[in-house]
Amino acid sequence: MSLFTETISEAFSEYLKAKTPKKWERDEVTKYRARIHEVLSDEYGVLNFFQSGSFSNGTGITQKSDVDYFTRIPIGRKTVLPSSFLSAMRAVLKRELWEAFDVWVSRPTVSIDFRQLVTQYEVTPAFYCRTGANGHDVFLIPGPGNTWRESAPKAHLEYVRAADGDHGGKVKGLARLLKAWKYENSVPISSFYLEMRAAQYGSSIDNFTYPSALPSMVRTMISNELRSMNDPAGLVNRITPCGSETDRLSALRSLKVSLPHLLTAYDKWTVDDWEASQEYQKVFGSSFPTVL
C-alpha cells in the first residue's frame, strides 16, 4: 500500500485495497471449508452448508475478519436452548478436528482456531423456520439471552449486493471502512450490523462519497443511541448492534470520539487534503495514507 497519495479519493482507494483479504487467505478458507463440512455432515446430516458474513459478502478485513459458515441442520436435532446445541456441536468439532488448535463456544457460533493465517472460523447452527417474501428462507439461530432468533443470510446478501450495485461498489467499500474502524479501535460492535447500516444508507440516497457518508452514518447511529435496527429486508426481527448493554455503551462512546474527526475531515476535504488525511488517521489508524 502506498503511504502517500495526492488526493483523499486515492487515499481511500489505497486503504481499502490494503484492507481487502488476500488470495492466500481465500485459499486457506477453501481448504478448511471441506473439512468442517465433513465433520458436521457425519454427525448431523447437514442439509446445507455455505459461507456467509464478511468474507462471502466482499466486505471482510484482511487478517481481522472471521470466516463464517452457516450450517442448516435437520429440525429434529434442534434443542430447547441454543446453549445446549452449541455445547454439543463444540464437543463434536473438538473431538474430530484433530488439526484445530482450539474449539470453543462464542455465541451465536462455535469458533475454531487452526493457528493458520485466517484469524478464526465461526460455525452457526441453523434450523429452518419459514419461507418469507420473495421465497427467501428464514432460519432460527442462537441469539441473545439463550433464545433462538431469526436469520435470513441469503436475503441480506442480496440486499447488500443490490445497494452496492446501485453505487458502483461503494456500499461494500463503506461497510469495509466501518469494519476497519471497528478493528482499529477494538469496538465491540457487530460487523453484520455495520454492513446492514451501510446497505440501508446506500438504499436511501442517490449518490454519496466516503467523506460525506461516514459522518452522516456515524451521526445517525449516535442520535439513535446505537439501538437495534429494523431489518431493511423486512424478513426478520430487529438487528442488534452489540452482544450486551455494556458493549453498546462502549461502542457508542467510540462513535462519539470518531465523529468530530470525521466532520473536520469532511470540512477540510478538497480544501486541505493533507489536514483531512490527518483526521482520517485518527479514525482509521496510521495506515491510512497521508495526502501530500
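Checking side-chain atoms of Asp273 against main-chain N and O of Ile8 turns up a donor-acceptor pair under 3.5 Å. Formation of a donor-acceptor pair under 3.5 Å by the Ser13 side chain with backbone atoms of Ser9 is not found in this model. No donor-acceptor distance shorter than 3.5 angstrom exists from the side chain of Ser250 to the backbone of Thr246, with no hydrogens or angles considered. A side-chain donor-acceptor contact under 3.5 Å links Arg176 to the backbone of Gly58. The backbone N or O of Tyr201 sits less than 3.5 Å from a side-chain atom of Ser204, completing a donor-acceptor pair. The main-chain N or O of Val80 is found under 3.5 Å from a side-chain atom of Trp148 such that the two form a donor-acceptor pair. Judged by distance alone, with hydrogens and angles left aside, the side-chain atoms of Arg248 form no donor-acceptor pair with the main-chain N or O of Arg227 at under 3.5 Å. Side chain of His167 to backbone of Gly202: a donor-acceptor contact under 3.5 angstrom is found. Under a 3.5 Å cut-off, the side chain of Asp164 and the backbone N or O of Lys172 do form a donor-acceptor pair. In this structure a side-chain-to-backbone donor-acceptor pair under 3.5 Å is present from Lys22 to Thr20.
Contact check for Ser216 versus Phe208: no side-chain heavy atoms found under the 4.5 Å cut-off. You'll find the side chain of Asp206 stays beyond 4.5 Å of the side chain of Asp166, heavy atoms only. Contact annotation: the side chain of Tyr44 never approaches that of Thr71 to less than 4.5 Å [non-hydrogen atoms, C-beta and beyond]. Considering only heavy atoms from C-beta on, Glu10 stays 4.5 Å or farther from Pro289 through its side chain. In this structure, the side chains of Lys154 and Phe70 stay at 4.5 Å or more apart for every pair of heavy atoms. Using a 4.5 Å heavy-atom threshold, the side chains of Leu47 and Pro74 count as touching. Side-chain atoms of Pro82 and Arg107, non-hydrogen and from C-beta on, never get closer than 4.5 Å to each other. Taking the side chain as every heavy atom from C-beta outward, Val283 and Leu214 never approach each other to under 4.5 Å.
If you check the side chains of Thr290 and Gln281, you find a donor sitting under 3.5 Å from an acceptor. Thr59 and Lys179 share a side-chain donor-acceptor pair at under 3.5 Å. Judged purely by distance below 3.5 Å, without hydrogens or angles, the side chains of Thr5 and Glu14 never pair a donor atom with an acceptor atom. No hydrogens or angles considered: a donor-acceptor pair under 3.5 Å links the side chains of Arg197 and Tyr193.
Look at Glu38 and Arg35 and you find a salt bridge, because one of the NZ, NE, NH1 or NH2 atoms lies within 4.0 Å of a carboxylate O, short of that distance. In summary, Glu279 and Lys268 do not engage in a salt bridge, as defined by a charged side-chain N under 4.0 Å from a carboxylate O. Ionic pairing of Asp102 and Lys94 is present here: one or more N-O contacts between side-chain nitrogen and carboxylate oxygen are shorter than 4.0 angstrom.
Among Leu40, Leu86, Ile36, the single residue meeting the side-chain contact (heavy atoms from CB on, under 4.5 Å) criterion with Val110 is Leu86.
Taking the six-membered ring where tryptophan is involved, the planes of Phe49 and Tyr69 are essentially parallel, since the angle between them stays under 30° and well short of 60°.
Tyr128 and Leu140 end up in different hydrophobic clusters when Ile, Leu, Val, Met, Phe, Trp and Tyr side chains are linked at under 4.5 Å.
Interatomic distance, Ile239 CD1 to His156 NE2, rounded to the nearest 0.5 Å: 4.5 Å. One finds the NZ atom of Lys170 at 4.5 Å from the CG atom of Asn207 (value rounded to the nearest 0.5 Å).
Residues Tyr280 and Tyr210 keep their aromatic ring centres 6.0 Å or farther apart.
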